[in-house]
Colleague: 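So that we are looking at the same thing, I have put the structure below in structure tokens.
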Amino acid sequence: MKHHKLLLLSLITCLLSFLTFFAVHATPVQAAEKTYTIGTDVTYPPFEFANKSNQYIGIDMDLMNAVAKIEGFKVNIKPLGFNAAVQSLESGQIDGVIAGMTITPERQAKFDFSTPYYKTGVIMAVAKNSDITSLSQLRGKRVALKTGTAGATYANSLKDKYGFTTVTFDDSNNMYQDVTTGNSVACFEDQPVMQYGIQQGLGLKIATKPANNGYYGFAVKKNANQALLKKFNAGFKKLKANGTYDKIVKKYVGANSSGETTTTTPKTNPAVAGKTFNIGTDVTFPPFEFANKQNQYVGIDMDLMRTIAKEQGFKVNIKPIGFSAAVQALDSGQIDGVIAGMSITPERRQKFDFSTAYYQSGVVMAVAKKSNIQQLTQLNGKKVAVKTGSVGADYANSIKNRYGFKVVTFDDSDNMYQDVVTGNSTACFEDQPVMQYGIRQGTKLKIVTKPVNKAGYGFAVKKGVNQDLLAAFNRGYQDLKANGTYDKIKAKYLGTSTKASTVAKSNQPAATTDTESRSFTGLIQQNKGALWDGFKETILLTIVSIIFATLFGIIVGLLGVVPNKVGQGISSTLIYIFRGLPLLVLALFIYTGIPSLTGQKIPAFIAGVLTLTFNEGAYTAAFVKGGIEAVDPGQMEAARSLGLPFGKAMGKVILPQGIRIMIPSFINQFIITLKDTSILSVIGLLELTQTGKIIIARNLEGFKIWAIISIIYLIIITLLTWLSNWVQRRIKL
Amino acid sequence: MSLKLQVTDLKKNFGSNPVLKGISLDVNDNEVVVIIGPSGSGKSTLLRCLNHLEVPNSGKVVIDNVDISDPKTDINVVRQNIGMVFQHFNLFKNLSVADNITLAPIALKHEDKAVATEQAKELLTTVGLAEKLNAKVQSLSGGQQQRVAIARALAMNPKIMLFDEPTSALDPEMVGDVLAVMKDLAKKGMTMVVVTHEMGFAKEVADRVLFVDDGQILEEGTPDHIFEHPENPCLKSFLDKILNV
């Protein structure tokens with residue numbers, strides 16, 4: 001034992017010293033005199049990107065370095081990523097940003113820009129062998145865009161006019177790939193970026209002349225660092241005059257190309273009328289999906305999905321199985337589609353085909369109402385709450401080292417909010433609409449930052465599957481958008497100003513008045529239907545699982561004591577595997593893994609029972625084996641010496657004695673099985689725990705509902721213990 | 001006199017440790033053979049090899065002309081004809097006295113329960129425990145348990161009985177009862193192989209005594225020969241220790 005403690009101690013020491021090491025080295029180095037810290041994008045060729053030796057080069061980089069040299073100052077380039085750079089500039093962490101940033105009126109409100117140093121415009125690019133040369137040929141076709149770019153804005157403004165659909169990607173590469181593979185016929189991109197890409201061997205060609213011209217500028221914080229801005233402008237002028245600027249540009253961007261115009265071919269969508277699709281969604285992600293007081297699923301996603309289904313003539317069967325479970329179920333083909341406020345990301349695109357982005361979201365930071373935290377820089381040394389797998393979590397993790405805060409992770413929004421409300425955490429990061437809605441519902445938080453890391457939400461189907469459904473969704477969405485229904489749905493949940501009214505003011509009165517009673521009895525009264533259903537599901541799961549787990553355990557346990565090496569090997573292996581696997585992992589593996597292997601859908605209930613059968617059964621097998629081995633070996637010898645075969649000796653002499661030894665373990669295992677059913681909420685089984693999560697997601701009464709759920713569990717466990725004791729007395733030998 | 005049991009060059013190792021180093025032994029019908037020897041000499045292992053509770057590494061065991069080392073032999077059938085009595089009785093703790101005795105006849109010979117119980121009563125009478133038919137095993141003394149164990153072995157009508165130190169775990173005042181039952185059995189003509197430290201029993205009942213030490217039979221002969229005119233020096237020193245305590 002002592003040995004183990006020592007080992008543990010030294011491990012912890014090692015870990016701590018590592019952490020200290022990283023903490024020390026993560027602390028930003030303060031700029032020396034005349035050295036300016038300049039933020040830029042991580043990768044935006046040809047303006048900034050890392051070359052093979054991981055040095056940052058590109059038009060912006062070369063320009064900045066040349067300006068610094070000519071004006072006699074030093075720069076410390078920090079490739080923070082575009083959004084982070086902009087925010088760091090706003091918070092005064094860095095002195096300037098050069099990141100292929102278009103000068104816009106919104107940005108001018110916050111930043112002072114240099115003279116425009118590059119003129120850019122949006123061009124359309126198509127596959128090398130494509131015969132598309134003009135916008136009018138896009139009718140009925142799909143066009144790829146990159147989130148938040150000028151190209152995306154431009155394309156979205158044109159798509160109704162030219163009748164094309166769009167798909168949105170998070171980075172340029174995936175967008176290009178979508179065109180080269182033929183999924184999309186064209187993409188819109190900033191001209192220099194596209195030019196550079198083609199120069200680098202991209203299998204695309206530019207088909208149109210630049211449109212929506214814009215200008216890139218170097219930015220400093222408004223009314224700060226004016227000296228730096230002046231130096232930049234002066235330096236830029238000199239470089240332009242002496243030809244250095246043109247050399248830099250030429251170095252990265254080759255010659256221009258352009259295209260002409262011709263005519264179009266319309267295309268029709270296949271029908272989905274009359275079919276029923278299983279659509280997975282999150283348990284609780286208001287305002288996109290959540291259960292209302294009648295425990296019906298409502299929200300933007302739900303309304304949108306149902307309306308589209310109605311218009312397009314298909315039926316949907318909504319399954320609120322939780323975000324992770326839904327994504328996995330879609331991947332394994334258990335369901336047909338997922339609409340769950342899911343951001344369209346390149347990773348997800350590997351597995352899923354996404355619809356047009358139907359909602360633009362972004363991450364905001366929220367703090368307690370009374371908090372005086374205003375910006376990221378104030379988070380140093382503090383704790384920040386995030387929700388597992390959310391965009392907010394990704395964002396928080398990407399900036400935690402820079403701002404020196406710690407991240408705590410929760411499985412659902414409510415727990416995350418509570419952690420901030422109670423003051424355990426200082427702030428949380430959440431999708432803007434979700435946070436807005438939560439605050440309207442009375443969560444005592446306020447939003448203090450503007451949305452960043454903007455992403456589009458899309459409806460997803462498995463890659464290459466259910467394309468009819470996807471097409472129908474896209475068409476339905478276009479229709480709803482055109483006739484105003486979409487805006488109505490949005491307004492219903494978010495109030496009238498859907499265009500990211502962001503900064504915390506909580507200016508809108510709650511649209512839905514909350515008449516739910518908040519007393520214990522009131523809560524039980526209101527939710528008794530849901531609680532009763534959850535209770536029944538838990539009991540059913542427990543009983544069925546106990547029966548199968550016990551059978552499995554006894555069989556495997558007996559296999560472990562037969563005088564046969566193969567049998568013993570099988571038994572030990574089964575116990576080793578299923579006792580070794582965490583229940584959660586096993587549940588997810590069975591639910592999502594088996595269908596992926598066999599192509600056969602597996603209902604959540606059966607997956608749940610299988611999970612418990614294997615896991616609890618392995619423990620049962622272990623103590624069955626142990627119980628048998630604990631019987632005096634002389635008993636077996638005496639029985640065998642009489643001529644009783646192994647099986648009879650086991651059945652008549654050994655087992656009756658072994659069972660007596662095992663009974664306490666059996667009772668223990670039954671109780672554990674009951675408790676472990678709660679873990680099956682991850683695969684979306686509507687048992688007690690999941691029921692609790694759903695109710696809390698609606699009314700945010702975490703403490704009271706969990707108290708009620710706890711009491712119900714204790715009652716079931718008490719009943720189970722009584723039952724077991726009664727059986728034990730009956731069996732007493 | 002016909003041959004009941006024939007053991008040829010029996011060898012048994014536990015791991016790399018040889019316990020039986022080549023034992024050959026014949027037992028005739030109605031003969032009582034007593035095996036004596038110091039602890040760890042291999043006596044019990046020899047006995048347990050006779051019904052394959054221990055499977056020997058080599059050598060042959062033939063009982064009633066059936067080679068039990070032959071894989072084709074159904075050991076469970078052979079064992080029905082070999083009764084065995086253990087040092088620690090090994091009565092089935094989950095069963096009553098009656099069920100201990102009737103378990104095998106009912107399970108293996110498909111005897112009617114009433115018939116088997118009747119037979120159990122008779123057997124209990126012969127071992128002097130008629131009134132204990134429905135007693136629980138735990139309520140019996142060691143000597144009583146061992147006599148029930150003998151009755152249990154006899155219930156299958158074995159043709160040979162093996163006794164593995166049947167009195168070693170008993171309080172001294174219980175030993176006599178058990179030995180009396182065994183003497184009675186011997187008188188009735190049961191073929192018996194007995195491992196024991198009860199030299200008095202050996203002298204009185206044995207037809208032949210084997211002295212086993214270090215996995216070999218070092219000397220064998222009549223009780224008179226073994227106890228009065230021992231030749232082997234190991235046997236002499238063994239007897240010195242046993243008899244002059």
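Naming convention: chains lettered A, B, ... in sequence-line order (proteins, then strands); numbering from 1 in each chain. The shown structure was predicted, so the numbers you read here are calculated from the model rather than taken from an experiment.
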Colleague: Taking the six-membered ring for Trp, are A/Phe552 and A/Phe578 parallel (under 30°), tilted (30 to 60°) or perpendicular (over 60°)?
Modeller: perpendicular
Colleague: Give a yes-or-no answer on whether the side chains of B/Ser44 and B/Asp164 include a donor-acceptor pair shorter than 3.5 Å.
Modeller: yes
Colleague: Which atoms of A/Lys652 are under 4.5 Å from chain B, going by heavy atoms: the side chain, the backbone, both sets, or neither?
Modeller: both
Colleague: Can you tell me if A/Tyr591 and A/Thr611 form a side-chain donor-acceptor pair at under 3.5 Å?
Modeller: no
Colleague: Quick one: what part of B/Ala153 sits under 4.5 Å from any heavy atom of chain A, side chain, backbone, both or neither?
Modeller: backbone
Colleague: Pick from B/Met84, B/Met156, B/Arg79: which one has the most heavy-atom pairs with chain A under 4.5 Å?
Modeller: B/Arg79
Colleague: For the interface with chain A, which of B/Asp99, B/Asn90, B/Leu103 has the highest count of heavy-atom pairs at distances below 4.5 Å?
Modeller: B/Asn90
Colleague: Under a 4.5 Å heavy-atom cut-off, does chain A meet the side chain of B/Leu53, its backbone, both or neither?
Modeller: side chain
Colleague: With sequence neighbours excluded, tell me which residues meet salt bridge (charged side-chain N to carboxylate O under 4.0 Å, His left out) with B/Lys11.
Modeller: none
Colleague: What part of B/Arg48 lies closer than 4.5 angstrom to a heavy atom of chain A: side chain, backbone, both or neither?
Modeller: side chain
Colleague: Near A/Phe605 CZ, under 6.0 Å, is it more than 12 heavy atoms from other residues, nucleotides or ligands?
Modeller: yes
Colleague: Using the ring of each side chain (for Trp, its six-membered ring), is A/Trp532 parallel, tilted or perpendicular to A/Phe535, with breaks at 30° and 60°?
Modeller: parallel
Colleague: Using non-hydrogen atoms and a 4.5 Å limit, figure out which bit of B/Leu91 sits close to chain A: side chain, backbone, both or neither.
Modeller: backbone
